[in-house]
Amino acid sequence: MGEMTGFQLGVIGALFLSVASSVSIVICNKALMSNLGFPFATTLTSWHLMVTFCTLHAAQRLNFFESKSIDMKTVMLFGILNGISIGLLNLSLGFNSIGFYQMTKLAIIPFTVLLETLFLKKQFSQKIKFSLFLLLVGVGIASVTDLQLNFVGTILSLLAIITTCVGQILTNTIQKRLNVSSTQLLYQSAPFQAAILFVSGPLVDQYLTKQNVFAHKYSSIVLVFIILSCLIAVSVNFSTFLVIGKTSPVTYQVLGHLKTCLVLGFGYTLLHDPFTYRNIIGILVAIFGMGLYSYFCLQENKKKQAGDLSLGSQIKDKDGIPLLSIDKDGHEVKKSTKNSLV
């Protein structure tokens with residue numbers, strides 16, 4: 001019971017850290033890109049990952065966690081896949097309207113459910129599917145405005161969805177099957193993610209913005225926000241692996257849409273972004289869907305735990321059958337066994 005309580009507290013802490021750090025970095029990056037004129041998102045992400053790796057390396061050298069060796073081919077492919085998915089998401093945003101990009105992010109949940117059902121044989125109840133449907137409808141109402149389609153943008157969005165879903169499923173699967181922590185997996189894979197984005201980031205950003213990241217004039221305030229963004233990113237990357245490892249890719253995506261709702265709310269409150277009744281209705285529907293999802297997940301987990309306890313109790317009773325039992329008249333009767341002398 002103590003272990004279960006500790007696990008639940010760990011999950012709550014991971015969820016809170018993920019939400020707080022993600023909302024913080026979105027607000028920081030929005031100020032950096034929109035207000036300070038630094039539009040190089042993909043290159044900035046590569047810096048995030050390099051700072052994350054350096055921070056984890058220092059923590060490992062100070063014995064805050066123990067590095068665990070993982071098959072190099074697995075880590076390399078996993079890191080490159082995650083790096084490519086980030087680049088594809090940024091390209092998708094560049095080639096599509098914001099509304100279509102939001103639809104791309106919404107499509108990640110149903111596609112993840114499909115992949116886990118087909119390849120991992122994971123079962124999702126009708127209640128869970130209904131709550132996810134409500135969540136997606138709410139986020140769609142709140143965030144999707146226009147849907148302008150084009151061939152290249154559609155292909156990039158499909159590739160972004162596939163690589164993101166596979167990457168997040170692998171994040172959960174690798175941690176459980178190889179018995180590694182989120183910190184150990186992030187430490188091993190971050191250099192490969194950073195490398196692929198460090199090489200491709202400037203090219204992607206130049207294609208999308210028509211500007212050269214290395215020719216940009218860096219003012220002191222821009223440098224301060226870049227450093228702040230990188231520091232927050234350490235928490236974002238760590239909490240991402242932590243949440244997916246402790247829960248599931250679908251739960252992480254649900255959490256991501258909660259962040260979207262919070263960002264919309266903070267944008268209206270702090271940055272005075274335009275806000276309509278449609279946004280309010282969408283956010284309320286999305287939050288209701290998230291509440292249902294959390295409630296149904298909690299109920300199913302309780303049933304599963306009760307079933308596991310019942311099974312464990314039956315096994316224990318079977319292994320410890322008493323030699324004396326009571327007959328229907330209340331008399332003690334000695335159990336016969338194969339080794340009985342009588």
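We count residues from 1, following the sequence as given.
With hydrogens and angles left out, the side-chain atoms of Thr247 and Tyr252 include no donor and acceptor closer than 3.5 Å. Side-chain contact annotation: Glu300 with Ser125, donor-acceptor N/O pair under 3.5 Å present. A donor-acceptor pair shorter than 3.5 Å cannot be found between the side chains of Gln184 and Glu66. In summary, the side chains of Ser157 and Thr104 do present a donor paired with an acceptor at a separation below 3.5 Å, with no hydrogens or angles considered. Between Thr251 and Ser248, the side chains place a donor N or O and an acceptor N or O closer than 3.5 Å (distance only, hydrogens not considered).
Ring to ring, Phe40 and Phe38 are close: their centroids are under 6.0 angstrom apart. Between Tyr101 and Phe95, the gap from one ring centroid to the other reaches at least 6.0 Å. Between Tyr187 and Phe65, the distance separating the two ring centers is shorter than 6.0 angstrom.
Atoms OG1 and CD1, on Thr45 and Ile86 in that order, are 6.0 Å from each other to the nearest 0.5 Å.
Residue Tyr218 places its OH atom among more than 12 non-hydrogen atoms of other residues, nucleotides or ligands, all under 6.0 Å distant. With a 6.0 Å radius and a threshold of 12 heavy atoms from other residues, nucleotides or ligands, Lys210 has its NZ atom above the threshold. For Phe16, the CZ atom is loosely surrounded, since the number of other residues' heavy atoms within 6.0 Å does not exceed 12. The local environment of CZ in Phe198 is sparse, with at most 12 non-hydrogen atoms from other residues, nucleotides or ligands closer than 6.0 Å.
For the side chain to side chain contact (heavy atoms under 4.5 Å, CB included) with Leu197, the lone residue among Thr42, Val204, Ile84 that qualifies is Thr42.
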Evaluation steps, side chain to side chain contact (heavy atoms under 4.5 Å, CB included), between Tyr293 and Leu134: CA-CA 9 Å; Tyr293 176 79; Leu134 275 183; over 6 Å; no

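Taking each heavy atom of Met50 and Ala194 in turn, the nearest pair found is CG-CB, 3.6 Å. The nearest pair of heavy atoms linking Asn82 to Gly167 is OD1-CA, 3.6 Å. Between Ile196 and Ser200 the shortest heavy-atom distance is O-OG, 2.7 Å. The shortest non-hydrogen separation linking Lys176 to Gly245 is CE-O, 3.7 Å. Scanning both residues, Cys261 and Met290, for their nearest heavy atoms gives SG-CE, 4.1 Å. Gln193 and Gly79 make their closest contact through CG-O, 3.1 Å (heavy atoms, listed as atom of the first residue, atom of the second, distance).
Hydrophobic clustering places Val139 together with Val23 (ILVMFWY residues linked when any side-chain heavy atoms are closer than 4.5 Å, directly or through intermediates). Hydrophobic clustering of Ile, Leu, Val, Met, Phe, Trp and Tyr side chains at less than 4.5 Å, counting indirect connections, keeps Leu231 apart from Leu186.
Counting heavy atoms from C-beta outward, Ile25 and Ser229 have side chains that approach closer than 4.5 Å.
Between the Ser34 side chain and the Ala31 main chain, no donor and acceptor come within less than 3.5 Å of each other. Listed for the Lys68 side chain is a donor-acceptor partner under 3.5 Å among the backbone atoms of Asn179.
Figure legend: cation-pi geometry between Lys121 and Phe119 absent, as NZ or CZ is not positioned both under 6.0 Å from the six-membered ring centre and within 45° of its axis.
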